[in-house]
Amino acid sequence: MRAMVLERPGALLLLKDLARPRPGPGEVLIEISACGVCRTDLHMVDGELQNPKLPLIPGHEIVGRVAACGGSVSGFKEGDRVGVPWLGHTCGTCSYCRSGQENLCDRPGFTGYTIDGGYAEFCVADAHFVFPLGEWGADAEMAPLLCAGLIGHRCLRMAGEAERLGLYGFGAAAHIVAQVARHQGRSVYAFTRRGDLKAQAFARELGAVWAGDSSDQPPDELDAAIIFAPVGALVPAALKAVKKGGVVVCGGIHMSDIPSFPYELLWGERVVRSVANLTRADGDEFLALAPEVPVRTTTVSYPLDRANDALTDLRSGALTGAAVLIP
């Protein structure tokens, strides 16, 4: 099979011919039809996430068809369309797993980080962490739901019942969250890089009541804000924009350092919290909700061997919506 492989952080991915993987007893072999390009992949390639498996096949927004099942797999058969997310394995025995917080597992496995992922023609995955997708939605359009959608949904839940919701960084996750928020009757305020009029217009097309630069103050106090951009300076900016008792949710796995800020921005029972990974319950809940909205993802497709171009476009902010690799 062909795969794009990271051999060391800071280097380009290399296209390689590898042996097709074989599923273990509890695994499924998946023939990949689409794999989303996530900012986490970019953090991996740029060396901002520590200790990845090397060499590594990145990618954790995988859509494909079951090509073979391990001997102890039940619930899947050849030909089923499935999705593989970031959370690829948990220990099942630590205090977090036993208390319904498997996203915080002490001994997890992550697709495209510690487990080879979806920048390839085939992958293997633990069947317990694979989602059945049915036949709703095109493969490329479904791929961003497997991380941008799932993490965005968890962030939205952590934001509470916020009526006025700010989204900082209007990319893959935010353009999905905005649709869900509007479906729930919330007002969306979109914050983008300075002068990014294209992203601001895109946000308005998706129903945002206001869109502007991340340094701007919105016309109304926000009940909550979600930060998707990996920029620590947005934390005090978001705190300044939310009302007393408001919540600022940091939705990324990596963020630059948060600068010091006056205590008065936090005072008034404002809350700053992070969101880490996802649970399988998050996936079941969101994938059932998505067709009800219905969520429509905006994607830009790249052939597998142009994964480096997709990452460059993501890094530069040139994308509208989400990049997707098509083997």
Is E121 paired with R2 through a side-chain N to carboxylate O contact shorter than 4.0 Å?
-> yes

Looking only at heavy atoms, the pair that brings A238 and A225 closest together is CB-CB, 4.1 Å

D46 bridged to R315 by N-O distance under 4.0 Å | yes

Centroid-to-centroid, F191 to W210, below 6.0 Å?
-> yes

F131 six-ring face occupied by R280 cation (under 6.0 Å, within 45°) | no

Could you tell me whether R65 and E135 have a side-chain N and a carboxylate O separated by less than 4.0 Å?
-> yes

Between D282 and T279, do the side chains contain an N or O donor and an N or O acceptor separated by less than 3.5 Å?
-> yes

Of all heavy-atom pairs linking V235 and C250, the shortest is CG2-SG, 4.0 Å

Donor-acceptor side-chain pairing of Q200 and D213 below 3.5 angstrom = yes

So H153 and F286, would you call those rings parallel, tilted or perpendicular, with 30° and 60° as cut-offs?
-> tilted

Salt-bridge contact R306-D309 (side-chain N to carboxylate O under 4.0 Å) = yes

Are any side-chain N or O atoms of S72 and backbone N or O atoms of P25, one a donor and one an acceptor, separated by less than 3.5 Å?
-> yes

What residue among C35, P85, C147 forms side-chain contact (heavy atoms from CB on, under 4.5 Å) with I62?
-> C35

Are any non-hydrogen side-chain atoms of H60 and M44 less than 4.5 angstrom apart?
-> no

